[in-house]
Novice: 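Handing you this structure, nothing more for now.
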Amino acid sequence: MDIRELLLKDVMIMNLKAKSKDEVIDEMVHKYFEQGVIDDEKLYKADIVKREQESTTGIGDGIAMPHAKDKAVKRATVLFAKSETGVDFDALDGQPVQLFFMIAAPEGANNTHLQALASLSSLLINPDLVAKLKQAQTPDEVQQLFADAQSAKEAQDKADAQENTTNETVQKNSKRPYIVAVSACPNGIAHTYMAEAALQKSAKEKNIEIKVETNGSEGVKHRLTAEDIARADGVVITADKKVEMARFNGKKLLNRPVIDGINKSDELLDQIEAGDAPVYHAAEGDQVTDSEDGQKGGLWNEIYKDLMNGVSHMLPFVVGGGIIMAFSFILERYVGSQSMYFLFFNHLGNWAFAFLVPILAGYIAESIGDLPALMPGVVGGFMANTAAANIMKTTSVSGFIGGLLAGFLAGIVINWLKKVFKGVPRSLEGLKPMLIYPILSLLIVGVSMFFIINPIFAAVNAWVTHVLNGMGTGNAVLLGTILAGMMALDMGGPFNKAAYTFAIAAYTSTGDGKLMAAVMVGGMIPPLATAIATTVWPKKFTEQERQAGISNWVLGISFITEGAIPFATADPLHVIVSSVIGSAIGGGLTQLWRVSVPAPHGGLWVLPLASNGLFYFLAVVVGAIVAGVILGIWRPTKVQTTK
C-alpha cells in the first residue's frame, strides 16, 4: 500500500495555530471531523487523551505521534501537522515538538492499513527524513518525502533480505553478537514498529545480528523460536504491555519501556553486548508457550498444543461455573428451589457452563488458524451445544466431541482459505480478513456441523451417555481406576489432561460428577504422597525436597498435581510408579463407594458439595497413604543429606 493513501493532503495542517498540548489535540481532532475521517469528535478526542495519560507520545527530536483506535474512525488516516515555533507536548526530551502525526485507526482496520501504519512509523527514525519534513512547506512535499523514504527503505530491506539469505549459515556460525528483542505497546500502531526499526538500525551499525519480535495491531510477528532464544547472547524487551517472559528464563535480559527502544536503542544493545544485564529468572509456575517458527514437533505435538489452547481458555469457565453451580445446590437445601438466591447462583453457573464448548472450539481454531479462525470456531462450538438441537427439535447434540471437531475444522478451513486466496491482487488484500474469511469459513463450518458432524456425533454422544449411566459397578471401578491413574502418570501432561477432559465431557453431558470424583482424587494423591514420604522418611530426601514436601500438603488437598513434578523430575521411577498405584486405588474406590463431586476443581475444599463426602475423603486418604508408603520404603536413602 502506498503510504500516500494514508497521508492525505486534505487533512494536513502545515501551520498549526495551537500554542499548547490541549490546543494541538483539539485542532487536529477537529480537522479530522471536518474532513469526515471521524464521525464522533468527542469519542475520538477522549481516546487520544486517554492514550496521552498512559504515556506521552512526544517521542523526542521534535516529533509527537498521538494516536487512537476506536469506532469513531471511518478510515485509517495519518494527519500530518507542523508547528513553526514548536509546542510543549510533554516530550520525553523536554524539547518543543514541531512535527505531529495523529494516527486514526478504525476498530476493524485491515492488515493492509496496519502494515502501512507500521511502515510509516518506522520511517520516522530516519533523521534525514525528519530534517526535511521540518523544512517542507506544502502537502505535496510531505507526501513526496515519505514516498521517497518508503521506496528507499523497501529497496534496502530487499537488499538486506538477500544478504541474510546468502549469509545465513555464515551468520549462525560466526562470532558476531546475536541479540533477540521484543517490542510491544498497548495500541500497537506506532511505537511498536518504531522501536523495532530503531533496534534494527542500531544493530546494523554495530555489526550485531538481531531478531525483533513485534506484538502490535497485526498480532505477533517474527515470533522468537526456542533456537533463537537459546543462541542469543541476551534479550532486550521494550514493551508497555504484557509479553510472554518465561521463555527467557536464564538469559541476560533488559526490560524497558517501548520508548527506550526508540530513543535508547544504542545504549540497550551496548549494555547487552558488554554482558552488563541481569539474568532473568522466571517466576515459579510461569509456563513457556511453544514458539512457532521452525519448531514444529510432529503432528501429535501440534494437535496437543491446539487442544491445550482450547482447554486452558475453557478452564476458567469450568471452574467458576462448576463451583458456583454446585454451591447453588447446597443453597437449595436451605432456601428451596424457587428462592431468588438459589436461582441466581444456579443460573450464573449455568451461564458460565454454556460457554464451555464454544470457547473450547474457538480457541482450538485460533491456535490453528490465528484470529480469523476464532469466530467460525466459536459458532461451530455453539452449534455443537445448542443451535442444531433447537432447529432440529431434538435434545441430542454432539456436545464436547462436536466442539472439538468444530475447533479443528475451523482452523483447518481458515488455513486452506489463506492458501486459496494467497494470490489475490494487493488492492483486494484488505477484503480477506474483513469479508472473504468470515463469510466462507462460517458457511463451511456451519454446513459441516449442521448436516454431518452434529447428526453423527449426537448419536455417539447419546450412546456414551447411555453407557455411562448404565455402567455396572465393576466397569465403573475399572474406568475410575484408569482415569485416576492417568492423572498421576504425567502430572499435568497429555495423559493427565486427556483424563481430565474426558471427565469434564462426561460431567457436561450427564450432569453426573462420579468421574469428576475419580480424576479429582487421582490428581490430589501425587503431591500428598510426596508430602507423606518426606515427613515420615526425611533422611531419604534433601533439605530442599523436605521443604517442598511441606507445601505439597496444601497443594495436594487443593488438587494441584503439579506440586509433585519436582520430585518426579528428580526421581521419575519411584515417584511416578508409586503415585500411579495410589491414584488408581483412590480413583477406583470413588466408583466403588459411588462418590460424586459436582464441581470440576477444588480438591478437598469442595468436600461439602460431594455426595458420600466421607468416602470421598477416605478415598483420598487411602490412595495417598498407599502411594506415600510405597515411595518412602522403595526410595533409596540419600547419601548427601543437607543437615
Side-chain angles (χ1 to χ4, degrees), residues 310-364 374-375 377-404 406-407 449-450 454 457-458 461-462 464-465 468-469 500-517 519-520 558-559 595-613 616:
V311 170
S312 65
H313 283 88
M314 177 193 74
L315 280 180
F317 294 86
V318 174
V319 175
I323 291 179
I324 287 177
M325 194 189 309
F327 172 73
S328 74
F329 296 139
I330 294 179
L331 197 61
E332 183 184 16
R333 301 174 189 174
Y334 301 99
V335 299
S337 61
Q338 300 305 311
S339 167
M340 177 187 70
Y341 302 105
F342 161 71
L343 292 173
F344 168 73
F345 284 106
N346 187 260
H347 281 80
L348 184 62
N350 273 291
W351 289 330
F353 250 49
F355 285 93
L356 298 190
V357 176
I359 291 296
L360 172 74
Y363 281 96
I364 288 174
L374 182 63
M375 181 276 292
V378 169
V379 175
F382 178 74
M383 292 180 69
N385 236 14
T386 57
N390 291 337
I391 296 173
M392 299 299 290
K393 308 300 181 185
T394 174
T395 57
S396 295
V397 293
S398 57
F400 211 83
I401 301 173
L404 288 172
M449 289 299 298
F450 190 83
N454 260 340
F457 287 94
N461 195 53
V464 171
T465 302
L468 291 175
N469 287 334
Y500 186 71
T501 302
F502 181 82
I504 290 291
Y507 179 39
T508 55
S509 298
T510 66
D512 192 329
K514 289 189 178 69
L515 295 182
M516 283 309 314
V519 298
M520 196 99 76
S558 302
F559 185 44
V595 177
S596 177
V597 180
H601 214 284
L604 288 181
W605 301 109
V606 295
L607 183 63
L609 308 178
S611 63
N612 295 325
Y616 174 47

Novice: Tell me every residue that passes side chain to side chain contact (heavy atoms under 4.5 Å, CB included) with Ser337, counting only those two or more places apart in sequence or in another chain.
Specialist: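 Side chain to side chain contact (heavy atoms under 4.5 Å, CB included) check on Ser337 returns Glu332, Phe342.
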
Novice: If I compare all heavy atoms of Ala361 with all of Gly381, which pair ends up nearest, and what's the gap?
Specialist: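 Taking every non-hydrogen atom into account, CB-CA, 3.7 Å.
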
Novice: What is the distance from atom OG of Ser339 to atom CZ of Phe344, rounded to the nearest 0.5 Å?
Specialist: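 Interatomic distance, Ser339 OG to Phe344 CZ, rounded to 0.5 Å: 12.0 Å.
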
Novice: Quick check against the 3.5 Å criterion: does Ser596 have a side-chain atom that pairs as donor or acceptor with the backbone of Ser611?
Specialist: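 Flag not set: sc Ser596 to bb Ser611 has no pair under 3.5 Å.
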
Novice: Minimum heavy-atom separation for Leu374 and Gly362, please, with both atom names.
Specialist: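 Taking Leu374 first and Gly362 second, the nearest heavy atoms are CD1-O, 3.4 Å.
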
Novice: With sequence neighbours left out, what residues match Tyr616 under ring-ring contact (aromatic ring centres under 6.0 Å, His included)?
Specialist: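 By the ring-ring contact (aromatic ring centres under 6.0 Å, His included) rule, Tyr616 matches no residue at all.
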
Novice: Taking all non-hydrogen atoms of both residues, which atom of Ile364 and which atom of Leu404 are closest, and how far apart?
Specialist: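 Of all heavy-atom pairs spanning Ile364 and Leu404, the closest is CD1-CD2, 3.7 Å.
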
Novice: Give me the atom names and distance for the closest heavy-atom approach of Ile324 to Phe345.
Specialist: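 Scanning both residues, the minimum pair turns out to be CG2-O, 3.4 Å.
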
Novice: Met516 versus Tyr500: any side-chain heavy-atom pair under 4.5 Å?
Specialist: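 Touching, per the 4.5 Å side-chain cut-off.
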
Novice: Search all heavy atoms of Gly613 against all heavy atoms of Leu607 and return the closest pair with its distance.
Specialist: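 Shortest heavy-atom separation between Gly613 and Leu607 comes out as O-CD1, 3.2 Å.
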
Novice: Just so I know, are the side chains of Val357 and Phe382 near enough to count as touching, which here means a heavy-atom distance under 4.5 Å?
Specialist: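 Val357 vs Phe382: side chains apart.
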
Novice: Of the non-hydrogen atoms in Ala384 and Gly402, which two are nearest, and what is the gap between them?
Specialist: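 Of all heavy-atom pairs spanning Ala384 and Gly402, the closest is CB-C, 3.7 Å.
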
